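First comes the structure, then the notes that go with it.
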Amino acid sequence: MSTSGKQRVLSGMRPTGQLHLGHYHGVLKNWLDLQQEYECFFFVADWHALTTEYEDPSIIEKSVWDMVIDWLAVGVNPGSAKLFIQSRVPEHAELQMLLGMSTPLSWLERVPSYKDQQEKLSNKDLTTYGFLGYPLLQTADIIMYKAGHVPVGEDQVSHVELAREVVRRFNHLYGREPDFEEKVEAAIKKMGKKNARLYHELRRNYQEQGEAQALEKARALLESQQNISIGDRERLSGYLDGGGKAIFPEPKALLTPASKMMGLDGQKMSKSYGNTISLRENPNVVEEKIRTMPTDPARVRLTDPGEPSKCPVWNLHQVYSDDETKEWVVDGCTKAKIGCLDCKKPLIKAVLEEQGPIRERANEYINDPETVRGIIADGCEAARDVARETMEEVRDAMGLIYR
Ligand code: TRP
Ligand code: SF4
């Protein structure tokens, strides 16, 4: 929860190359929706990229500004979302280090991506301390902003799970303040008589009867209180379970709807498969790439009927075409009434139309690097304000403020 009363959302992207249509349809469009509803923090995860690209970090340097420009060009709005670069908020490193003190090695070793990625990226030596610590750095990213929701793909859900476990442990170890009870009583009063009574009743029902519903209701009650501070809300939330003040809330993964975006060859669109159309691809290249896309192999001659479900071009129609066009494709393909090049034409048009305004806006930012630097500087500052506050709390809770 932020001071604005909106829930916080945080997400990061690794700067390891050009963004493509898969990122746009899979991730960025989701960000555009989220930024309307939540207080969003979106950041360039350059340290995360370094865990795998440490031997040659040049790709990171090349990608950072391009990625920010891509975000802005598709409509990520720096007026509502805070955009920043991870390494400009060094508090993330401090928090990861402190969390590391109490995080068992086995928790990190059993995160599935640890072994998976080592196998997949076998050309890289990922038996490093940095790579093992990747999910803990991600935990620090998330909880630094007390984000309630983290939009991620399926592959990242286990990282958010780890974050939840780390939070639970941290709150358990360091959560209780010496004057906790008094603060709780004061906070309850602030809710007014009626709500205070309701809160007590729900807490009792939960603690004595174990009614899960009562817990949920009590949490909802707290969410709806406008006149209590973040700290008080966390105390009251902690008091429900009989614990202390929860310094960090447990984040939840907000599963990004699986991207419908398939690559040019019918596999998932991904840089490593070389089947992408980049977000600001040159129009001639877009046309060439679509024209040369493989189609249903059954259609050798124009007179051979085909089956759209066996054709990667059909996947693109799912994203770009209206019902009428899709009917035209099915009819034309299965009855051999249209050629594959005809079938591809509306797609070329649709992709170019989609990219036109994106390219235009990107060019504006490319020609005005000062504005882009300024947006990031502002975002970093806003992020750092929150990060400094969080770290004060963390140092305090861990007894690291020596007066
Ligand atoms: N690990 C994420 C990925 O590879 C990127 C990332 C880093 C992230 N920190 C994050 C995503 C925090 C969400 C929240 O895509
Ligand atoms: Fe694919 Fe269209 Fe050719 Fe059918 S007509 S095989 S859907 S490109």
Side-chain angles (χ1 to χ4, degrees), residues 8-16 19 22-23 26-27 30-31 34 40-53 67 84-87 89 92 95-96 111 113-114 116-117 121 131 133-145 147-160 162-163 251-256 264 266 270 290-318 321 325-348 383:
R8 284 212 185 112
V9 159
L10 172 124
S11 201
M13 228 188 242
R14 296 157 44 98
T16 53
L19 296 192
H23 294 112
V27 182
N30 194 31
W31 286 14
L34 292 168
C40 290
F41 289 78
F42 298 133
F43 73 101
V44 180
D46 56 344
W47 281 341
H48 283 272
L50 212 45
T51 61
T52 54
E53 311 300 316
M67 191 158 98
F84 68 96
I85 298 173
Q86 183 179 35
S87 60
V89 188
H92 288 227
L95 183 53
Q96 183 201 13
V111 172
S113 60
Y114 178 58
D116 289 353
Q117 293 291 97
L121 307 176
F131 189 67
Y134 186 115
L136 197 60
L137 180 57
Q138 189 163 349
T139 299
D141 300 336
I142 297 167
I143 70 178
M144 184 70 85
Y145 304 92
H149 299 283
V150 188
V152 287
E154 194 81 60
D155 61 319
Q156 299 286 314
V157 171
S158 61
H159 295 178
V160 182
L162 176 82
K252 284 198 195 71
L254 204 59
L255 207 56
T256 308
L264 296 167
S270 158
I290 298 179
R291 265 200 317 109
T292 54
M293 271 178 78
T295 61
D296 178 356
R299 297 210 68 188
V300 182
R301 278 172 301 262
L302 199 62
T303 48
D304 297 328
E307 184 49 62
S309 64
K310 294 182 184 149
C311 178
V313 177
W314 177 239
N315 293 328
L316 288 189
H317 277 292
Q318 301 301 321
S321 301
T325 310
K326 283 190 270 189
E327 273 166 38
W328 170 79
V329 170
V330 173
D331 186 59
C333 181
T334 54
K335 296 184 188 148
K337 293 204 288 210
I338 59 169
C340 290
L341 272 180
D342 301 322
C343 181
K344 290 170 172 178
K345 271 193 192 133
L347 277 179
I348 295 172

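In each ligand, atom 1 is the first atom listed, and ligand 1 is the first ligand listed. Nothing here was measured: the structure is a model prediction, and the numbers come from that model.
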Enumerate the atoms of ligand 1 whose separation from the nearest heavy atom of Y134 is less than 4.0 angstrom.
1 (N), 2 (C), 3 (C), 4 (O)
Considering all heavy atoms of both residues, which atom of L10 and which atom of P151 are nearest to each other, and what is their separation?
O-CD, 3.4 Å
Check: V152 main-chain N/O paired with T256 side-chain donor or acceptor under 3.5 Å:
yes
When you measure from the side chain of R299 to the backbone N and O of D304, does any donor-acceptor pair fall under 3.5 Å?
yes
For ligand 2, which atoms sit closer than 4.0 Å to a heavy atom of D296?
6 (S)
If you apply the rule ring-ring contact (aromatic ring centres under 6.0 Å, His included), what do you find for Y145 with F84, and how did you get there?
CA-CA 13 Å; Y145 304 92; F84 68 96; 5.6 Å; yes
So, do D141 and L137 sit near enough that their side-chain heavy atoms are less than 4.5 Å apart?
yes
Under a 3.5 Å distance rule, please check whether H317 uses its side chain to pair with a backbone N or O of C343 as donor and acceptor.
yes
Near L10, which atoms of ligand 1 are under 4.0 Å from a heavy atom of that residue?
12 (C), 14 (C)
Q86 side chain vs W47 backbone, donor-acceptor pair below 3.5 Å
yes
Just by distance, do the side chain of D296 and the backbone of G306 share a donor-acceptor pair under 3.5 Å?
no
Should you measure from each heavy atom of V313, which atoms of ligand 2 turn up under 4.0 Å away?
8 (S)
Near V150, which atoms of ligand 1 are under 4.0 Å from a heavy atom of that residue?
13 (C), 14 (C)
Could you tell me which atoms of ligand 2, counted from 1 in the order shown, lie closer than 4.0 angstrom to a heavy atom of C311?
1 (Fe), 6 (S), 7 (S), 8 (S)
With only distance considered, is D141 within less than 3.5 Å of ligand 1 through an N or O on each side?
yes
Look at C333 and state whether any of its N, O or S atoms is less than 2.8 Å from atom 4 (Fe) of ligand 2.
yes
Of G12, A45, P151, the one whose closest heavy atom lies nearest atom 11 (C) of ligand 1 is G12
Does H159 reach ligand 1 with a nitrogen or oxygen that is under 3.5 Å from one of the ligand's nitrogen or oxygen atoms?
no
Using a 4.5 Å cut-off on heavy atoms from C-beta on, say whether the side chain of T295 contacts that of K344.
yes
Around atom 2 (C) of ligand 1, find the nearest protein heavy atom and jot down its residue, atom name and distance.
Q156 OE1, 3.2 Å
Atom 5 (S) of ligand 2: nearest protein contact (heavy atom, Å):
R299 NH1, 3.1 Å
In the protein, what heavy atom is nearest to atom 10 (C) of ligand 1, and what distance, to one decimal place, separates them?
Q138 CG, 3.5 Å
Which ligand 1 atoms are under 4.0 Å away from a heavy-atom of H48?
7 (C), 9 (N)
Non-hydrogen atoms of K344 versus ligand 2: any pair closer than 4.0 Å?
no
Any idea which heavy atoms bring G266 and P312 closest together, and the distance?
N-CB, 3.7 Å
Taking all atoms of both residues into account, what is the closest heavy-atom pair of D342 and W328, and its distance?
O-CH2, 3.4 Å
Would you mind listing which atoms of ligand 2 come within a distance below 4.0 Å of any non-hydrogen atom of C343?
2 (Fe), 5 (S), 7 (S), 8 (S)
What is the closest protein heavy atom to atom 3 (Fe) of ligand 2, and at what distance does it sit?
C340 SG, 2.3 Å
